[in-house]
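Okay, so here's the structure we're looking at.
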Amino acid sequence: MNCMEDFREFNSRAVSPYHVVDEIVRILNENEFTGLLPAAPFTVEPGGKYYVKGHGSSLIAFTVGEKFEEGSGIYIAASHTDFPCFRIKPNPDMKEGDYGKVDVECYGGAILSTWMDRPLGIAGRAAFRSGEDLHPGMCLFDSGRPVLTIPNLPIHLNKEVNKGVELNRQTDLMPVYGMWQEKGLISWIEEELSLEQGSILDYDFYIYCSEPGTEIGTEGEFYSSPRLDNMTSVFAGLQGILHSGRETGVNAAVFFDHEEIGSRTKQGAGSMWLSNTLERIYDALAPGRIHYLEALEKSRMLSMDVSHAYHPNQGGRYDPKNHVMLNSGVTIKESGVQSYATDSEEIAYLMRLMEKEGIPFCKYINRSDQAGGGTLGSIASALLPVMTADVGIRVLAMLSARETMGSKYLAALVKLVQAYFKMA
């Protein structure tokens with residue numbers, strides 16, 4: 001396995017949460033995983049490999065140990081399929097002079113200025129009229145090429161731009177898709193999908209940065225790309241479950257949607273979807289809820305997301321003792337207020353595991369006067385009370401249209417998840 005080449009290929013297809021799940025399913029099918037229907041009884045056996053989708057943009061892939069016994073624990077590695085971007089609103093066509101623009105809303109906490117002047121694509125899911133009464137057809141769409149851009153105003157017309165300009169989300173960030181056409185953007189998408197005009201009833205269409213990832217640095221030690229947050233963790237979770245090897249219990253790679261907007265949705269970490277699905281899996285192996293509840297006491301969870309790398313021009317913004325550089329190992333993230341899941345016993349377990357496997361690691365915590373971000377770990381573990389810790393790789397320019405990571409240590413995160421899924 002060439003980690004960075006495989007990740008580059010995966011990330012090039014991860015252009016919406018729906019496409020992330022679609023690509024995961026493709027890879028799982030190639031590796032002889034069996035898909036389960038969410039609305040049907042689960043048939044699960046020791047030694048089996050399975051997956052179940054959650055509303056199109058979330059998924060749980062799991063394996064069952066050959067020597068499964070009732071009460072044996074569940075090892076979970078969780079990440080999220082969404083990323084900061086723009087979402088196309090209903091009735092999106094706007095005319096300005098002879099230009100055609102798209103009405104969009106901001107999705108997540110993006111660094112807005114980094115989306116200016118970029119080549120942008122459109123991807124997501126469409127619901128369209130079908131022959132079935134009331135039930136729409138569903139399909140994915142990816143423009144496959146850049147079709148939009150959000151142009152900056154030239155400095156001659158905005159001489160204060162280099163002093164910092166606040167971008168208005170409604171007026172300054174409407175992408176241009178070309179010269180005005182009466183048929184509009186959704187009609188163009190219907191043509192691309194070979195659907196009849198007026199067929200699309202509703203949609204979840206997102207705008208993504210279509211630039212490819214690339215190595216940078218004199219020795220190629222950095223990697224710059226869109227969607228490092230959080231496709232790096234999704235990739236590590238997928239590689240972990242493909243090579244899981246525990247003989248007992250259950251391993252589960254969980255891919256949630258909607259982390260960037262708070263996780264409190266039916267397919268997010270703030271829902272009962274994970275707990276309900278794991279209980280159904282466990283009941284198919286060891287009927288009786290008590291066995292599942294006992295198993296949770298022996299279970300644990302890795303919450304995987306990126307962390308902030310030390311910025312060489314802004315060193316004063318970091319904790320003086322616990323800041324981390326690129327290319328310095330897997331990050332363990334801690335927070336006394338539990339914005340990152342922090343459990344000393346679980347962190348010590350992971351430290352011992354990484355020492356055993358020769359995986360370099362370091363710890364990160366925010367400055368005391370900086371709130372910082374959060375992850376799905378604390379949210380998910382409040383609903384599924386198992387020992388949880390937050391880990392990931394670190395990036396520069398988190399939540400930018402393009403982020404930068406060290407090119408060496410995605411492989412270290414993959415190695416950690418694979419070891420985690422093998423050790424008792």
Side-chain angles (χ1 to χ4, degrees), residues 14-22 24 53-60 78-90 92 102-115 120-127 140 150 167-170 173-175 202-209 226-234 237 254-275 303-308 333 335 337-341 371-384 390 392 395 397-403:
V15 290
S16 82
Y18 300 101
H19 287 81
V20 174
V21 168
D22 191 61
I24 291 171
K53 294 169 68 174
H55 301 284
S57 59
S58 296
L59 182 142
I60 297 174
S79 55
H80 64 89
T81 61
D82 61 328
F83 47 87
C85 60
F86 298 91
R87 185 178 184 274
I88 297 178
K89 293 181 180 180
V102 188
D103 194 10
V104 299
E105 60 178 331
C106 297
Y107 178 91
I111 303 176
L112 299 177
S113 62
T114 65
W115 286 81
L120 306 173
I122 302 171
R125 181 176 73 165
L140 299 188
I150 307 173
L167 295 170
N168 183 284
R169 295 179 178 223
Q170 184 61 62
L173 295 169
M174 300 299 104
D202 202 38
Y203 49 78
D204 296 298
F205 288 149
Y206 299 92
I207 293 172
Y208 67 92
C209 179
R227 301 180 295 281
L228 297 182
D229 178 7
N230 189 30
M231 292 309 110
T232 51
S233 301
V234 170
V254 183
F255 309 97
F256 290 109
D257 194 4
H258 295 154
E259 190 273 346
E260 298 291 353
I261 55 171
S263 293
R264 302 188 188 282
T265 66
K266 62 187 181 300
Q267 62 261 56
S271 73
M272 294 301 296
W273 174 65
L274 174 59
S275 179
S303 167
M304 298 191 297
D305 208 340
V306 299
S307 64
H308 299 285
K333 298 186 282 184
S335 170
V337 298
Q338 295 291 324
S339 54
Y340 308 132
T375 68
L376 60 84
S378 293
I379 296 170
S381 61
L383 296 165
L384 189 77
D390 264 293
V395 298
M398 185 192 297
L399 306 184
S400 172
R402 289 186 72 99
E403 299 154 322

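Atoms considered below: every heavy atom in the structure, side chains included; atoms not considered: hydrogens, waters and symmetry mates.
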Do the side chains of [Y] and [X] get nearer than 4.5 Å, heavy atoms only?
X      : Y      : result
Phe86  : Ile150 : yes
Ser275 : Leu383 : no
Ser113 : Leu167 : yes
Arg227 : Val15  : yes

Looking at every non-hydrogen atom in both residues, tell me the closest pair between [X] and [Y] and how far apart they are.
X      : Y      : value
His19  : Ala123 : CE1-CB, 3.8 Å
Lys333 : Ser307 : CD-CB, 3.4 Å
Trp115 : Cys209 : CZ3-N, 3.7 Å
Lys89  : Val104 : CE-O, 3.4 Å

Counterpart residues, ring-ring contact (aromatic ring centres under 6.0 Å, His included), relative to Tyr206 (two or more places apart):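 ring-ring contact (aromatic ring centres under 6.0 Å, His included) check on Tyr206 returns Tyr107.
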Set of salt bridge (Lys or Arg N to Asp or Glu O under 4.0 Å) partners for Asp202, sequence neighbours left out: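 By the salt bridge (Lys or Arg N to Asp or Glu O under 4.0 Å) rule, Asp202 matches no residue at all.
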Considering residues at least two apart in sequence or located in another chain, which fulfil the salt bridge (Lys or Arg N to Asp or Glu O under 4.0 Å) criterion with Asp204?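 Result, salt bridge (Lys or Arg N to Asp or Glu O under 4.0 Å) vs Asp204: Arg87, Arg125.
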Approximate separation, where rounding is to 0.5 Å, of [X] [atom1] and [Y] [atom2]:
X      : Y      : atom1 : atom2 : answer
Ile88  : Tyr203 : CD1   : OH    : 6.5 Å
Trp273 : Ile60  : CH2   : CD1   : 4.0 Å
Asp229 : Asp82  : CG    : CG    : 8.5 Å
Glu260 : Thr81  : CD    : OG1   : 10.0 Å
Leu59  : Phe256 : CG    : CZ    : 11.0 Å

His80-Glu259 side chain donor-acceptor pair, cut-off 3.5 Å: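 Looking only at side-chain atoms, Glu259 and His80 do form a donor-acceptor pair, the distance falling under 3.5 Å.
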Quick one, Val20 with Phe255, criterion side chain to side chain contact (heavy atoms under 4.5 Å, CB included). Give me CA distance, side-chain angles, the key distance, then yes/no. CA-CA 9 Å; Val20 174; Phe255 309 97; 6.0 Å; no
Decide side chain to side chain donor-acceptor pair (under 3.5 Å) for Asp390 and Ser303; before the verdict, give the C-alpha distance in whole Å, the side-chain angles of both, and the deciding distance to 0.1 Å. CA-CA 5 Å; Asp390 264 293; Ser303 167; 2.6 Å; yes
